[in-house]
Amino acid sequence: MSRSARWATELLAPWVWVLTLPLALAWDATGHRWLPALSWGLLIAVTGSLIPMAVIVRGAKRGEWDGHHVTNRAGRRVPLLVAGLSLGLGFVVLLVWDAPAALVALAASMLASLVVAVAITFGWKFKISLHAAVASAAVVVLTLTYGPWALLLALLVAWVAWSRVELRDHTAPEVLAGLVMGVVVGGGGYWALLTALT
């Protein structure tokens, strides 16, 4: 059981979703043209995933927090701040270079999710599951983009949600809160912003 949980936690970590989701979205938003899709998708992937993850891994190796998943609430401050600043910079570039509306909406909903995660983590002192939040938001966004078949990815969301409780990194309420936040803020925010922009 714990091996399956560990696999889910690693393979479906937030940085993995944030690395791949923009590429999948950019593919559709650019009319299936490789170069524009890679350009826009990589911009969000690098600023939203790779830069924050590099900071997290470096900090974990130096013992600044409890590991690369940063499960302790106090240790999340710097990673969330770096993620917000990095993604914010990417968002500005998307606006300046007139990126497709879907990608602007994605980056904005990711930023909104970060703000809510920070408010919950440090305002309410509740360690919300970012694994669950990011996974559920990604499935909503992919379903809105590619249709109901993408709902099959909800099985992956269930797997990673279970893994967080199984590994005792989160309680069931923390995972449930993450799932709700992902659907409402990440997925719902994306839908609302895309609707407003198109």
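The model shown is predicted, which means the values in this text are computed figures rather than measured ones. This chain uses plain numbering: 1 for the first residue, then up along the sequence.
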Could you tell me the separation between the [atom1] atom of [X] and the [atom2] atom of [Y], rounded to the nearest 0.5 Å?
X: Thr20; Y: Leu25; atom1: OG1; atom2: CG; answer: 11.0 Å
X: Thr143; Y: Trp191; atom1: OG1; atom2: CH2; answer: 15.0 Å
X: Leu50; Y: Ile44; atom1: CG; atom2: CD1; answer: 12.5 Å

Check your understanding: Are more than 12 heavy atoms from other residues, nucleotides or ligands located less than 6.0 Å from atom CH2 of Trp159?
Key -> yes
Please report the shortest heavy-atom distance between [X] and [Y], naming the atom on each side.
X: Thr30; Y: Trp40; value: CG2-CD1, 3.9 Å
X: Asp169; Y: Glu174; value: O-OE1, 4.4 Å
X: Leu23; Y: Ala37; value: CD2-O, 4.4 Å
X: Pro52; Y: Ala83; value: CG-CA, 3.7 Å
X: Ser129; Y: Arg164; value: OG-CG, 3.9 Å
X: His131; Y: Thr9; value: NE2-O, 3.1 Å

Can I get a per-line list of side-chain donor-acceptor pairs under 3.5 Å for residues 104-115, giving both atom names and the distance, sequence neighbours left out?
| from | atom 1 | to | atom 2 | distance (Å) |
| --- | --- | --- | --- | --- |
| Ser109 | OG | Ala105 | O | 3.3 |
| Ser109 | OG | Leu106 | O | 2.9 |
| Ser113 | OG | Ser109 | O | 2.9 |

Test your reading of the model: is there a side-chain donor-acceptor pair from [X] to the backbone of [Y], 3.5 Å cut-off?
X: Ser163; Y: Val160; value: yes
X: Ser136; Y: Ala133; value: yes
X: Trp17; Y: Leu12; value: yes
X: Lys127; Y: Thr171; value: no

Side chains of [X] and [Y]: does their closest heavy-atom pair fall under 4.5 Å?
X: Leu21; Y: Leu142; value: yes
X: Val183; Y: Leu179; value: no
X: Val165; Y: Trp162; value: no

Single-linkage hydrophobic cluster, 4.5 Å side-chain cutoff, [X] and [Y] together:
X: Leu103; Y: Leu197; answer: yes
X: Phe91; Y: Val96; answer: yes
X: Ile51; Y: Trp15; answer: yes
X: Tyr146; Y: Leu156; answer: yes
X: Val57; Y: Leu85; answer: no

Practice item. Name all residues meeting the side chain to side chain donor-acceptor pair (under 3.5 Å) criterion together with Thr47; count only those two or more places apart in sequence or in a different chain, and write none if there are none. Key: none
**Study point:** Partner set under side chain to side chain donor-acceptor pair (under 3.5 Å) for Trp27, not counting sequence neighbours
**Key:** none
Point to revise | Verdict with supporting geometry, Ile128 and Leu130, side chain to side chain contact (heavy atoms under 4.5 Å, CB included) | key: CA-CA 6 Å; Ile128 194 165; Leu130 297 177; 4.2 Å; yes
